[in-house]
Structure formats: C-alpha cells, structure tokens
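Structure record follows, encoded as structure tokens.
Note that the structure is a prediction, hence the values are computed from the model and not measured. Chain A is the first sequence line, chain B the second, and so forth, proteins listed ahead of strands; every chain is numbered from 1.
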Protein chains: 2
Amino acid sequence: MSNVFKAISDNTRREILRLLREKPLSAGEISKHFPVSKPTMSAHFSVLREAGLVATHKQGKLVIYQINMSVLEDALLGFSGAIGLGLRSNTLNKGNKNAKS
Amino acid sequence: MSNVFKAISDNTRREILRLLREKPLSAGEISKHFPVSKPTMSAHFSVLREAGLVATHKQGKLVIYQINMSVLEDALLGFSGAIGLGLRSNTLNKGNKNAKS
DNA sequence: TAGATAGTTAGCTAATCATCTAATTGTTGT
DNA sequence: ACAACAATTAGATGATTAGCTAACTATCTA
C-alpha cells in the first residue's frame, strides 16, 4: 500500500512506530517524546491509522495506540520482493508479529 | 537515511527502482514507461540519486541509471530492526546485491 | 454539575512537492 | 559547423504537508 510508504517517509512517524515497538501507549504518552504540539501529533496519528500501521482503542479518557506489525511487514516485504532485494521475514517472529524482541 | 524513505514514498520512484532491478537503463528508456514529461522524470532521478539509491554514468549522450541495492537494503533492514520487525537479508544474495533474482 | 484532563477538529500558514513548458547543455553524425 | 537527439536546468503553478493556535468533544472526579 502506497499509504504505508508515505506514512513512514516522515521521521516523527517512524519514531512513533519505534516507541510503539515496546508496548501500546496513549496519545499523550507518545506526545511527551516529541517537541511538537498535540494537534500536530494527532495529525501524525491519523496518517499512521489511515495507513493501517496502528490500531486504537479507548481506555477511559485515553486513546491507546498499538502498532500493527503485519501491515508494515507486508509493505516492506512486498516492495523488497518487487525490487529483487531478498529480504525475508524472521521465522522466529512468525505468528508473533508484535513480539518485543 | 531519511532521504531513502522520502525517495521511496513516491510511487513513480518505486516503479523506477523496480525497472532498474532488471538491468541498468538510460533516462530515456526509463521515461518511456511513465506518462510524465522528461523534466519531471529527471527530477525523480535527482531524488533517487541524492538518496543514494541509484548511481549514474554517461555513455555517449545517454545517462545510464543503475540501482544501488545496498543503500536500500541498509535503510529497510535498519528500520525493520529499530521497529522490532525481524526482517533479514536473504543470504543467497549476500555479496551479490545486484542479482537479478 | 463544574472543573480538570485527554484528545481531536477547524482553520490558517509556510514549505515542500509533482508537474508542466521553454530554454540550455552536451554529444553524435553528416 | 550544424542539425538531431538526450538529458538537465530554469521558472512557474497547483496540491499536499507539517506545523501552529483556538475551539470543541468526551471522560473523569470532586
């Protein structure tokens, strides 16, 4: 999906995904790590959500963001394959896409 | 490198890389595959070149573009690692980054 | 119910981007 | 030297983008 590449073309959004690698985080917790306004962060979240790279659920007044590894994997692997770059998914993570390590 | 992700965020540029997978091509040969003007294509080539994704050499009046697999591999693998997505380089292609298949 | 907190939406701006046409540079062949 | 061809540069334009402040919505708690 082209939206995935647009989404990860921005450094702030790549950093958001990196933070989400550890564990799901609320919008506010994520925003603390960046020197930009909350509305700007919210816009970044929208881009990531529309690309399917993150999923959300509400928890009280918090909105929890969670990374969606498979969408990222599909895009990267698909592109890598189309280009003839032989990237492979790590079999250790198969069926455990959100593994911390 | 952030420029790599910007470069591959555009569909035309991803297609250019896909064409270059087969073999090095001149600017004109590449341009034939796209419904945009030559100057626009030239601008796309600049973005790819500045990201280090392609290298060029002149051959008479032709400018030959060649894909640089290792830069792409480094960026994708680096990001994949930072995010905790366990992509690995295909060992079959080790030391043969420009392999056709 | 009122105040505080979390997050998004609305509306704006400056910068970047993809695209175009016209002009320029460089190379080859006659 | 000149015509033809390949490609880039110059310069303009409309669209998208990342950023901001202000205002709104929703939830919790005192």
A/Lys61 or B/Gly60, whichever maps to the more 5' nucleotide of DNA chain C: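 First, find each residue's nearest nucleotide; the 5'-ward one identifies A/Lys61.
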What's the [atom1]-[atom2] distance between [X] and [N], to the nearest Å?
X       : N      : atom1 : atom2 : answer
B/Met41 : D/dT8  : CE    : P     : 10 Å
B/Leu62 : C/dG29 : CG    : C1'   : 15 Å
B/Phe5  : D/dA18 : CZ    : P     : 15 Å
A/Asn3  : D/dT17 : CG    : C1'   : 14 Å
B/Leu48 : D/dT8  : CG    : P     : 12 Å
B/Glu50 : C/dT16 : CD    : P     : 14 Å
A/Gln59 : D/dC28 : CD    : P     : 10 Å
B/His44 : C/dC17 : NE2   : P     : 12 Å

Pairwise distance [atom1]([X]) to [atom2]([Y]) - rounded to 0.5 angstrom:
X       : Y       : atom1 : atom2 : answer
A/Ser89 : A/Asp74 : OG    : CG    : 10.0 Å
B/Lys6  : B/Glu50 : NZ    : CD    : 14.5 Å
B/Met69 : B/Leu20 : CE    : CG    : 9.0 Å

Under 3.5 Å between N/O atoms: give me all the protein pairs with nucleotides 9-15 of chain C, atom names plus distance.
none

Any side-chain N or O of [X] below 4.0 angstrom from OP1/OP2 of [N]?
X       : N      : value
B/Thr40 : C/dC20 : yes
A/Tyr65 : C/dA6  : no
B/Ser31 : D/dA7  : no

Reckon A/Phe34 touches a base, only the sugar-phosphate, or nothing at all at heavy-atom distances under 4.0 Å?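 Touches nothing.
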State whether B/Lys32 and B/Glu29 are salt-bridged, where the test is any N-O pair (Lys NZ or Arg NE/NH1/NH2 against Asp/Glu carboxylate O) under 4.0 Å.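 Answer for the salt bridge query: no.
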Earlier contact from the 5' end, DNA chain D, for A/Thr12 and B/Phe45: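 On the 5' side of the pair lies B/Phe45.
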If you assign A/Lys6 and B/Glu29 each to the DNA chain D nucleotide with the nearest heavy atom, which residue ends up on the more 5' nucleotide?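 It is B/Glu29, whose closest nucleotide lies nearer the 5' terminus.
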For the side chain of B/Ser80 and the backbone of B/Leu87, is there at least one donor-acceptor N/O pair under 3.5 Å apart?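 Yes, the answer is positive, given that a donor and an acceptor are paired below the 3.5 Å cut-off.
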I'd like to know whether B/Ile67 forms a side chain to side chain contact (heavy atoms under 4.5 Å, CB included) with B/Ile16, so could you lay out the CA-CA distance, the side-chain angles of the two residues, the decisive distance to 0.1 Å, and finally the verdict. CA-CA 9 Å; B/Ile67 194 167; B/Ile16 293 171; over 6 Å; no
According to a 4.5 Å side-chain heavy-atom criterion applied to Ile, Leu, Val, Met, Phe, Trp and Tyr, with indirect links allowed, do B/Leu62 and B/Phe34 form part of one hydrophobic cluster?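 B/Leu62 and B/Phe34: separate clusters.
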